[in-house]
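Ligands are counted one by one from 1 in listed order, and the atoms in each one are counted from 1 as well.
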Amino acid sequence: MKFSEKILKDSRVKKYYDDYIAHPFIKGLGSGELDRKRFKNYLIQDSLYLKEYGKVYAHVFLLTNDIANLQFLHTCMGVVVADETNMHTQYLKDYDLDVYKVDHMEVKPENRKYLDYMLSFTKTGDVKEIFISALACTLTYEYIGKTLQENFNHNLQDNYYAPWINAYAGEDFEDFSIKSFEFVDSICKDIDEKEEEKLIQIFLKACEYEMGFWDMSYKI
Ligand SMILES: Cc1ncc(CN)c(N)n1
């Protein structure tokens, strides 16, 4: 079995996925009833998150030598600092904000800790560890987007959060997620069980930080 399949089949990972779908912030996105103040809080923190998250991929880029993977890592940075950030820019207009104004705002501790966790692996220089620490970000959002699209399909046209849901449930993000898995499988093809478990622990810790991010966003 490929390592990416092992990650997805892991019962500890599945538990996080179920808990995200039950989270009030995520349920509110699906129903459209999430308080906009909470979403504003999320947008600000996530805009701050994305610009530093992009640097995690930039570190992997620097440690990579073959052109195919360099192209993929260039895409990763583009998804984060262009595509996702541009979506936030659209929403931020509703709050009389833009990413440049947000740039100088305070990074909340839950956000900072998650970023510092991922950035800590850039110091070890191990591509597998760095990339796996960043992977939960992509995979959990794809899962959340797709699940919300499936569960709330009947009322999405009037849902303020539909552009957010559709972006993460869409083909472009799915393609990004598939390519992320292919990259993981290529860099992890020779690892033993012990290293697999070490990397799964990193993935699980990132899942925990993702949950902390939803809690932080909901709390105002
Ligand atoms: C905190 C967080 N995690 C994941 C994603 C999706 N890239 C995001 N925008 N923000």
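Every atom of ligand 1 is numbered from 1 in the order shown, and the set under 4.0 Å from a heavy atom of Phe213 is 1 (C). Counting the atoms of ligand 1 from 1 in the order shown, those under 4.0 Å from a heavy atom of Leu50 are 9 (N).
The main-chain N or O of Cys207 is found under 3.5 Å from a side-chain atom of Tyr20 such that the two form a donor-acceptor pair. Put simply, the side chain of Asn41 never gets that close to the backbone of Tyr218: no donor and acceptor are under 3.5 Å apart. The backbone N or O of Val99 lies less than 3.5 Å from no partner atom in the side chain of Asp103, so there is not a single donor-acceptor pair. With Thr124 contributing its side chain and Phe121 its backbone, the two residues share a donor-acceptor pair below 3.5 Å.
Here's the thing with Glu84: one of its N/O atoms is less than 3.5 angstrom from an N/O atom of ligand 1. Residue contacts with ligand 1: Asp46 is placed with a nitrogen or oxygen under 3.5 Å of a nitrogen or oxygen of the ligand (distance criterion only). Note: no N/O pair closer than 3.5 Å links Tyr53 and ligand 1 by distance alone. For ligand 1, the polar-atom distance check against Tyr114 finds no nitrogen or oxygen pair separated by under 3.5 Å.
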Query - Full working for salt bridge (charged side-chain N to carboxylate O under 4.0 Å, His left out) between Asp10 and Arg12 - result: CA-CA 5 Å; Asp10 192 293; Arg12 297 163 293 179; 2.7 Å; yes
Report task. For the pair Tyr91 and Lys40, evaluate side chain to side chain contact (heavy atoms under 4.5 Å, CB included) and give the outcome as yes or no after the intermediate values. Result -> CA-CA 9 Å; Tyr91 272 119; Lys40 178 185 174 193; over 6 Å; no
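The cationic atom of Lys205 (NZ for Lys, CZ for Arg) lies less than 6.0 Å from the six-membered ring centre of Tyr209 and within 45° of the ring axis. Relative to the ring axis of Tyr160, Arg36 places its NZ or CZ within 45° and under 6.0 Å from the centre.
Residue contact annotation: Thr138 has no non-hydrogen atom under 4.0 Å from ligand 1. Contact between Tyr168 and ligand 1 is present, with at least one heavy atom of the residue lying under 4.0 Å from the ligand.
Contacts with ligand 1 closer than 4.0 Å are made by no heavy atom of Val80, backbone or side chain.
The single protein non-hydrogen atom nearest to atom 5 (C) of ligand 1 is Cys137 SG, 3.1 Å, given as residue, atom name and distance. The protein heavy atom nearest to atom 3 (N) of ligand 1 is Glu210 OE2, 2.8 Å.
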